[in-house]
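Labels below follow one simple rule: chain letters A, B, ... track the order of the sequence lines, proteins then strands, and each chain is numbered from 1.
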There are 2 protein chains.
Amino acid sequence: MNVKKRPLYKQLKQELIQKIERGELKPGDVLPPERELAKIFNMSRMTVRQAISELVNEYVLIRRHGSGTYVAEHKIPQGKKLKSFSEEMRLRGMLPGSKLCEKKIVLSPSANMAAELKSEGKLFMLKRLRLADLEPMAIETSLLPINRFPSLENRNFENESLYEILEEEYNIKMTKAQQKIEVRMPTPQESELLDINYTIPVFHFKQVTFDQNDTIFEVAHSVYRGDRYEIETEIYR
Amino acid sequence: MNVKKRPLYKQLKQELIQKIERGELKPGDVLPPERELAKIFNMSRMTVRQAISELVNEYVLIRRHGSGTYVAEHKIPQGKKLKSFSEEMRLRGMLPGSKLCEKKIVLSPSANMAAELKSEGKLFMLKRLRLADLEPMAIETSLLPINRFPSLENRNFENESLYEILEEEYNIKMTKAQQKIEVRMPTPQESELLDINYTIPVFHFKQVTFDQNDTIFEVAHSVYRGDRYEIETEIYR
DNA sequence: AAGTGGTCTAGACCACCGA
DNA sequence: CGGTGGTCTAGACCACTTC
């Protein structure tokens, strides 16, 4: 008397995942052929294929026509990792730095700069000029809800990492961020701060950052010099 | 005597995409039931399901158990997946298009545009103006080693997807791409092709694309209008 | 040539939704 | 309740890789 509520193909899927997690199937290993799996698990080949197809879509397995089905090599999407400015500059072999521009509490954020946080009341605004090898690289403006981070405004941000403070003092870890990236010409104020000619375009990053509870805790705008900065990324099918 | 080289489910897939592009199916519309589609196109229901499943994975359709299959509302940015120009524009709710600019075989690619492919001998160069809703959006220049893709130069690329040709005729699937993205001002030729003022900056994507064997099969440069295009992405810690 | 995954059929019954 | 998508079968032949 089977409790067969769970679909067969999902059972097989879970079985395969567990074999991989237990190390019985290692990256690069061949799976048994579909027809054999069908026999072993007493199901039809189409059902086996459905299980495998989903795992292929999830990058767990790889099919090779005429050859076999293999456990995928674990890949680390380097370019897709969430990094702070400091971490990223160090990765590029540059010395990161920071200069405080502005630090204040705002009631209604200018325009719709932080529509995602608007319901949170007062916001803490931090605007910093970010340096790489002592030269201006970007202007970073962060907005954080002050009720979640009391007395954050009393910190000195010249030589402190914002994300380190949030992690160590407020137990907030950034886990995910959504970005929209535009290109445009700098405003006069921006070209002066960044010390670039007004003919040099800039990247404008608009970011919302999520914590470990999948809650937005920051809205940030960053303006990067187009003559010194380029985005590097790696994407997968 | 059928010319049945193209799989049935891919034919149906294309049929459905075209119906959406022509506006015969609009976002939110219900598709005919699977059993009916099977009758209309004279194929089995499982084949219909395969076509629909792939479109669901590509966020073109949405299935609702017990209710029906619907055309997705465009708006969901799916940041980190490798997409072709056409796929991406469709995701953004725009109609993709293409205009051939140049198509030739080059011996030594200009400058170091394709250092990654240089050892491969002659290269096929394809330069296309990419349209979104009939307006210029980007200039795409692809370089491919001609020895891996014989007679690729004889294709007409006006209404054909490069990646679909590579996948179906040469069995090459793109699995990974590395990109460097710069911002700069357009050259006079670029601003004319893109139909933008010379004061509008552009994104310049430099991409190397890998196939299922982790071999580079394409080097591509794309120049996107900064006033119409923005990058949307999601990053994780 | 043998063995693999890729496509396809013509059914069947189940689970869910909406009137 | 009827109609929808969800799961599943037991075959068949094709296309590709490997030897």
In whole Å, what is the span from the [atom1] atom of [X] to the [atom2] atom of [N]?
X        : N      : atom1 : atom2 : answer
B:Glu54  : C:dG6  : CD    : C1'   : 11 Å
A:Leu31  : C:dG3  : CG    : C1'   : 16 Å
A:Met46  : D:dT7  : CE    : C1'   : 11 Å
B:Gln11  : C:dG6  : CD    : C1'   : 15 Å
B:Lys13  : C:dC8  : NZ    : P     : 12 Å
B:Met43  : C:dT7  : CE    : P     : 13 Å
B:Arg49  : D:dT9  : CZ    : P     : 15 Å
B:Tyr170 : D:dA15 : OH    : C1'   : 18 Å

Would you please name every residue forming a side-chain contact (heavy atoms from CB on, under 4.5 Å) with B:Tyr70, sequence neighbours left out? B:Val30, B:Arg64, B:Ser67

Parallel, tilted or perpendicular: which describes the rings of A:Tyr224 and A:Phe85, with under 30° parallel and over 60° perpendicular? tilted

Of the listed D:dT7, C:dC8, D:dT4, the closest approach to the B:Leu8 side chain comes from C:dC8

Report which part of the nucleic acid A:Ile52 touches: base, sugar-phosphate, or nothing (heavy-atom distance under 4.0 Å, all strands). nothing

Answer with yes or no whether the side chains of B:Arg128 and B:Ser142 bring together a donor and an acceptor at under 3.5 Å. no

Where along residues 34-42 of chain B does a heavy atom come under 4.0 Å from DNA chain D, residue by residue in number order? B:Glu34, B:Arg35

Select from A:Val48 and A:Tyr70 the residue whose nearest nucleotide in DNA chain D is closer to the 5' end of that strand. A:Val48

Test side chain to side chain donor-acceptor pair (under 3.5 Å) applied to [X] - qualifying residues, sequence neighbours left out:
X        : result
B:Glu88  : B:Arg92, B:Tyr229
B:Lys206 : B:Glu182
A:Thr209 : A:Gln207, A:Glu218
B:Asp227 : B:Arg225

Please collect all salt bridge (charged side-chain N to carboxylate O under 4.0 Å, His left out) contacts where either partner lies in residues 36-46 of chain B, sequence neighbours excluded, each pair once. B:Glu34-B:Arg45

State which residues pass salt bridge (charged side-chain N to carboxylate O under 4.0 Å, His left out) with B:Lys26; sequence neighbours excluded, sorted by chain then number. none

Does a nitrogen or oxygen in the side chain of [X] sit under 4.0 Å from OP1 or OP2 of [N]?
X       : N     : value
A:Arg63 : C:dG6 : yes
A:Thr69 : C:dG5 : yes
B:Thr47 : C:dT9 : yes

What protein N or O atoms touch nucleotides 15-19 of chain C N or O atoms at under 3.5 angstrom, if any, and at what distances?
from, atom 1, to, atom 2, distance (Å)
C:dA15, N3, B:His65, NE2, 3.0

